[in-house]
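One structure below.
Residue numbers begin at 1 in each chain, while the letters A, B, ... track the order of the sequences.
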Amino acid sequence: MANQERDGYQPSSIEEKWQRLWEERGTNAFTVDELRSAERPFYNLMMFPYPSAEGLHVGNIYAFTGADVHGRYQRLLGRQVFEPIGFDAFGIHSENFALKQGTHPMDLIPSNVRNFTRQLRRTGGMFDWTHTVDTTDPSYYKWTQWIFLKLFEAGLAERKEAPVNWCPSCMTVLANEQVVGGECERCGTPVEQRRIAQWFFKITKYAQRLLDNLETIDWSETTKKAQSNWIGRSQGAQLHFPILDVTGANTTGQVEVYTTRPDTVFGATYMVLSPEHPLVDTVTRPEQAAAVSEYRDQAQKKDLVARQKADRTKTGVFTGGYCRNPATGRAIPVWIADYVLMEYGTGAIMAVPGHDERDFEFAETFDLPIVRVVAGPDEDADTPLAEAYVGPGRLVNSGPFDGTDVTESVRAVTAWAADQGWGEARVQYRLHDWCISRQRYWGPPIPIVHCPKCGAVPVPEDQLPVVLPRVEDFKPDDSGVSPMARVAEWYETSCPSCGGDARRETDVSDTFLDSSWYFLRYPSTDFDDRPFDPEITKSWLPVDTYIGGNEHAVLHLMYARFITMVLKDLGYIDFEEPFTKFRAHGLIIAEGAKMSKSKGNVIVPDPIIEEYGADTFRTYLMFLGPFEEGGDYRAEGIQGPHGFLHRLWDTVVSADPDATPDADVERKVHQTIKQVTEQIPELGYNTSIAALMECLNTVRSGGRTAARAEIEPLVVMVAPFAPHMAEELWERLGHEGGIFDGANWPSFDEAKLVEDTVTLAVQVNGKLRGSIDVAKDAAEADVIAAARADENVARHLEGTTERRVIHVNGRLVNFVVQ
RNA sequence: GCCGGGGUGGCGGAACGGUAGACGCGGCGGCCUCAAAAGCCGCUGUCCGCAAGGGCGUGCGGGUUCGAAUCCCGCCCCCGGCACCA
């Protein structure tokens, strides 16, 4: 507190004053008219928080401040900046917390939201509090349900029984994205496989577009890479292998395999089906039936951890059946093994042990034939294989293709297979359809009614929202159905189509569906009768800049892009990428380590704001390190920005309004304007603040009194970081109406940047030996003469033979001698 | 294993191929003070030297260049994404 008494700068009263005035004047709020008439709209978005009971985390404040600085800068450039905030309050987080505390999420969330709102206001963000969103509000999730209906109508939502990831601890189905290394992302419990009827969104239909569009958007490289890895496009061929009957003379069907190396098909000496493959029963011969069935049971019991993470020792069993390799015409044995996954490709592979590491290992284990079909530079068709050879080379033992280079053989062999009718080129994606069903309570009910006669019937739009009722017993159980399935008075309904007795869908939808479209809602929260107003959406979207954490690089961002594409295809909006520019902020650690309660290094924002003010806190957070990389929060470090803001305050309030600016100081100011103007839009906040500090040091050097003209640009440039203080100083400088509407971002004058004299480094053979001051336009000969004259330089030149002299204007002189 | 991003003082971090370490923290010394806090001024990569000055320094080893933290080649380590994905 004592800190606030000093020099007349009192953050607490100033911050309270301006937060109040912003509110009263509607400084950051848009009316519908303003939204409709904005001429230079800038939609500045940050990832909305989940309102936890613990309150706002420094990580949140860091992210929001970085985004807010960006928004405030755009505003000082004259844009109308819409900067909304909201709450992503549905989901397992809150539900589990409520269960633990013995409270109800419907009581918990509003109080958390109130607390978050209070904390967010104190941080000085430029939020439009008249356009907030709460995903748990029926007026919001009405439209989340509407989106489901639109996908359903478009055939992009389907219900199918599918093996799903089941978390036995959370007692719910998880999306693939929520399974990390075979464990539940949330609680770390090994995930089990179950077969349940689920709703899926067909995001795989959009795989290629989601991949291609990455080229067109301004996103950080890391994020784009994470997305393309997740989509996981691979190019290869689907080949058809005929199944042979006992005699080996007739075929009884065929097995489809997917391979990225169709060129090695001559080396396919056996085939492996996934244990869950539907053709296993067809292929298996009676004498192997017992072994096969035992292996399948075993595989099914293994959870995903055991199956995917284990030591990867190959196991498997022979089915007794054979296929014909369509390239060689030979019969090859069919095995089942759990290293082949049903979820990828066709769930069956042609095994080429000579040129695939896994197949090689399997063949070694079970003594299956290994044939070389690719020879490297120093090898031929008979060179023995000690391990799978996956390098470059030419085909061998491959009939008509012998001698073909592997790079061209992929296409050649595929074409040949297509010609003969046993294969075709195929593109495969790793991306799976999005399972949106959750057997939980705390989410928007999926707006479907199951009718014994009509099947799955969508709830008519005019009956939305399907309101989630308050249910006291919302604890999930192991039954695989939602707690809502215990509430007969809710799920018992009539079919919207035939009027007969029917049952509501009792699952709720994934939280990621809530957050896949919230940015569309923000500017249109004034309307109850439409999810987003066409006119407003047209002028404000897509989002200009989106800032958020990289933990959402795959899930949230992918879903938001998908939903946006669908809405575009359905004609509701005219753009297909929601976020023109996305930047991920870094992570804040504290005292050199990740924040954790056990380490006792968790930063609690409230007391810091109490003691130093939000402006100092914001400035320090932005000063810690490059915004996109994060930084290490050290408690003492805040003294730097704290002192800086106090000195700035002192300098400004004691500035001489009539003094003419000093030429050197003015030059520094112009250099600073240039630097900050270049760095701020690139989120170079730490260096911008450093430049402002340096400039202030120059302004104050020798204890001089600043001229007003020198410091006014500084006040504007500091405004994105310390908005309250900047407002107050702006007012004290005699301006009316607020800095964010009244001030223009300062411009610099190229002519004022250049120094009259410059200091050059003088090197001898690249080693620094002295420095000289010369006039900025001095002739080269004079510069070199001056360099030569430097005492220390002269000493190093003595007794040497000069080979070359390099003079880089304004930089250095280098004597190359021998 | 594949794909990104990194490795710079005691610490956080700056550096269009051109004076490495800006800015800040911490430390040391000084001013102010009865004293402390706050503030202000100076010093602060490291080694040798009284100094002038010099040697060494950006993960390691090479290379290109008058000149490399920066470019190239080969390694090591850290962070993140994907991973029995055929």
Side-chain angles (χ1 to χ4, degrees), chain A residues 2-3 5-7 181 220-232 234 236 257-261 264 272 307-310 312-314 337-341 343-352 356-359 361-362 390 428-430 550-551 553-554 584 586-587 589 591-592 620 623-626 628-641 643-644 646-647 650 684 686-695 697 700 702-703 759-771 791-792 795 803-817:
Chain A
N3 290 329
E5 303 305 323
R6 180 178 125 203
D7 354 284
S220 41
E221 207 48 45
T222 349
T223 315
K224 289 205 274 190
K225 213 67 209 180
Q227 294 236 327
S228 69
N229 282 348
W230 190 259
I231 296 168
S234 91
V257 301
Y258 173 71
T259 176
T260 53
R261 293 294 305 276
T264 61
V272 186
R307 183 152 165 190
Q308 287 183 10
K309 216 162 74 175
R312 299 196 170 174
T313 313
K314 298 289 177 291
D338 65 6
Y339 82 95
V340 175
L341 310 172
E343 312 87 77
Y344 187 77
T346 59
I349 60 159
M350 64 173 204
V352 184
D356 180 281
E357 283 160 23
R358 296 150 303 181
D359 296 345
E361 198 195 317
F362 191 83
V390 293
Q428 176 68 38
Y429 302 93
R430 211 198 65 99
N550 235 334
E551 68 274 17
V554 182
L587 207 71
I589 59 170
E591 312 296 332
Y620 182 43
F623 184 62
L624 284 178
E628 292 179 70
E629 285 166 39
D632 185 5
Y633 190 101
R634 304 213 169 227
E636 333 84 62
I638 200 167
Q639 296 304 337
F644 165 64
H646 274 90
R647 285 191 294 277
D650 288 350
N686 58 330
T687 48
S688 292
I689 294 167
L692 292 170
M693 287 173 166
E694 217 178 309
C695 186
N697 291 345
R700 289 168 60 89
T759 306
L760 300 194
V762 185
Q763 301 179 331
V764 177
N765 281 347
K767 280 202 187 293
L768 181 69
R769 297 303 178 189
S771 64
E791 206 183 324
N792 199 41
R795 247 199 20 242
R803 295 290 179 203
R804 259 175 95 178
V805 181
I806 286 154
H807 172 223
V808 182
N809 214 349
R811 289 280 179 188
L812 54 53
V813 177
N814 186 13
F815 294 98
V816 185
V817 300

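- Out of rG24(B), rG18(B), rA14(B), the shortest distance to the side chain of Asn814(A) is found at rG18(B).
- Nearest nucleotide to the side chain of Arg795(A), out of rG53(B), rC40(B), rA22(B): rG53(B).
- Within 3.5 Å, no donor on the side chain of Asp632(A) pairs with an acceptor on the base of rG12(B), nor the reverse.
- With rC84(B), rC23(B), rG54(B) as the choices, the nucleotide that has an atom nearest any side-chain atom of Lys314(A) turns out to be rC84(B).
- Between His807(A) atom NE2 and rU19(B) atom C1' the separation is 14 Å, expressed in whole Å.
- Residue Leu768(A) contributes atom CG, which lies 11 Å from atom P of rG55(B) at whole-angstrom precision.
- Residue side chain Asn229(A) does not reach the base of rC82(B) through any donor-acceptor N/O pair under 3.5 Å, judged by distance alone.
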Encoded 5' to 3' (Watson-Crick or G-U under 3.5 Å; [ ] crossing; | other strand), RNA chain B becomes (((((((..(((.....[....)))((((((.......))))))((((....))))..(((((..]....))))))))))))....
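- With rC82(B), rG26(B), rC66(B) as the choices, the nucleotide that has an atom nearest any side-chain atom of Gln639(A) turns out to be rG26(B).
- At whole-Å resolution of the value, NE2 in His646(A) and C1' in rA38(B) are 10 Å apart.
- Under 4.0 angstrom from either OP1 or OP2 of rG67(B) there lies no side-chain N or O belonging to Arg811(A).
- Rounded to an integer number of Å, the gap from CG of Asn550(A) to P of rC3(B) is 19 Å.
- With hydrogens and angles ignored, no donor-acceptor pair under 3.5 angstrom links the side chain of Lys225(A) to the base of rC82(B).
- Out of rC85(B), rC23(B), rA14(B), the shortest distance to the side chain of Asn686(A) is found at rA14(B).
- For the P atoms, the distance linking rG26(B) with rG80(B) amounts to 30 Å, nearest Å.
- Nucleotide rU65(B) holds its P atom 12 Å from the CD1 atom of Ile806(A), rounded to whole Å.
- Of the candidate nucleotides rG4(B), rC56(B), rA86(B), rA86(B) has the atom lying nearest to any side-chain atom of Leu341(A).
- For Tyr344(A), a side-chain nitrogen or oxygen approaches OP1 or OP2 of rA86(B) to under 4.0 Å.
- Atoms CG (Leu812(A)) and P (rU19(B)) sit 7 Å apart, rounded to a whole Å.
- Note on Asn792(A): only backbone sugar-phosphate atoms sit closer than 4.0 angstrom, heavy atoms only; bases stay farther off.
- For the C1' atom pair drawn from rC32(B) and rC41(B), the interatomic distance equals 11 Å after rounding to whole Å.
- Minimum atom distance to the side chain of Arg358(A) is reached by rA86(B), of the listed rC56(B), rG18(B), rA86(B).
- Ring geometry for Tyr258(A) versus Tyr344(A): interplanar angle over 60°, hence perpendicular rather than tilted (30 to 60°).
- Residue Gln763(A) is classed as a base contact, given a heavy-atom separation below 4.0 Å to a base.
- Minimum heavy-atom separation, Pro626(A) to Asn686(A): N-ND2, 3.4 Å.
- If you take atom C1' in rU8(B) and the same atom in rG57(B), they sit 10 Å apart, rounded to whole Å.
- Nucleotides rU70(B) and rU58(B), compared at atom C1', are 10 Å apart to the nearest Å.
- For rU44(B) and rG24(B), the C1' atoms lie 14 Å apart once the distance is rounded to whole Å.
- Smallest separation of non-hydrogen atoms from Ser220(A) and Ala584(A): OG-N, 4.1 Å.
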Report the C-alpha separation of Ile806(A) and Phe815(A) in whole Å, then their side-chain angles, then the decisive distance to 0.1 Å, and conclude whether the side chain to side chain contact (heavy atoms under 4.5 Å, CB included) test is met.
-> CA-CA 6 Å; Ile806(A) 286 154; Phe815(A) 294 98; over 6 Å; no
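- Across rA69(B) and rA20(B), the matching C1' atoms stand 8 Å from one another, rounded to whole Å.
- In this structure rG9(B) sits in the syn conformation; its chi angle is within 90° of 0.
- Only the P atoms considered, rC23(B) is 12 Å distant from rG45(B), to the nearest whole Å.
- Remark: the backbone N or O of Glu591(A) is paired with a side-chain donor or acceptor of Asp632(A) at under 3.5 angstrom.
- As rounded to whole Å, 14 Å separates atom P of rC85(B) from atom CZ of Arg261(A).
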Residues Val816(A), Asn765(A); criterion side chain to side chain contact (heavy atoms under 4.5 Å, CB included); working and verdict | CA-CA 5 Å; Val816(A) 185; Asn765(A) 281 347; 3.9 Å; yes
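- Contacts of Thr687(A) with the nucleic acid, taken as non-hydrogen atoms under 4.0 Å apart, involve only primed sugar atoms and P, OP1 or OP2.
- In this structure, of rG13(B), rC40(B), rA86(B), it is rC40(B) that holds the atom nearest to the side chain of Arg647(A).
- Of all the heavy atoms in Val272(A) and Ala351(A), the pair that sits closest is CG2-CB, 4.4 Å.
- Ranking rU19(B), rG13(B), rC40(B) by closeness to the Thr759(A) side chain, first place goes to rU19(B).
- Nearest approach of Leu768(A) to Ala761(A), heavy atoms of both residues: CD1-CB, 3.7 Å.
- Contact annotation: Lys767(A) side-chain N/O to rC56(B) OP1/OP2 distance is under 4.0 Å.
- Look at CG on Leu760(A): it is 15 Å from P on rG18(B), rounded to the nearest Å.
- With distances taken from any side-chain atom of Asn697(A) to the nucleotides rA86(B), rG24(B), rG13(B), the minimum falls on rG24(B).
- Note that Lys314(A) lies in the cation-pi zone of Tyr339(A), set by a 6.0 Å cut-off to the ring centre and a 45° limit from the axis.
- Annotation: of the two residues near RNA chain B, Tyr429(A) and Ala691(A), the 5′-most nearest-nucleotide partner is Ala691(A).
- Only the P atoms considered, rC60(B) is 15 Å distant from rA68(B), to the nearest whole Å.
- Residues Phe644(A) and Phe623(A) place their aromatic rings such that the two centres sit no closer than 6.0 Å.
- Positionally, the nearest nucleotide of RNA chain B for Leu624(A) lies more toward the 5' end than for the other of Leu624(A) and Ile349(A).
- Nearest heavy-atom pair across Asn792(A) and Arg769(A) is ND2-O, 2.9 Å.
- Contact annotation: Arg634(A) does not reach the phosphate of rC11(B) (side-chain N/O to OP1 or OP2, under 4.0 Å).
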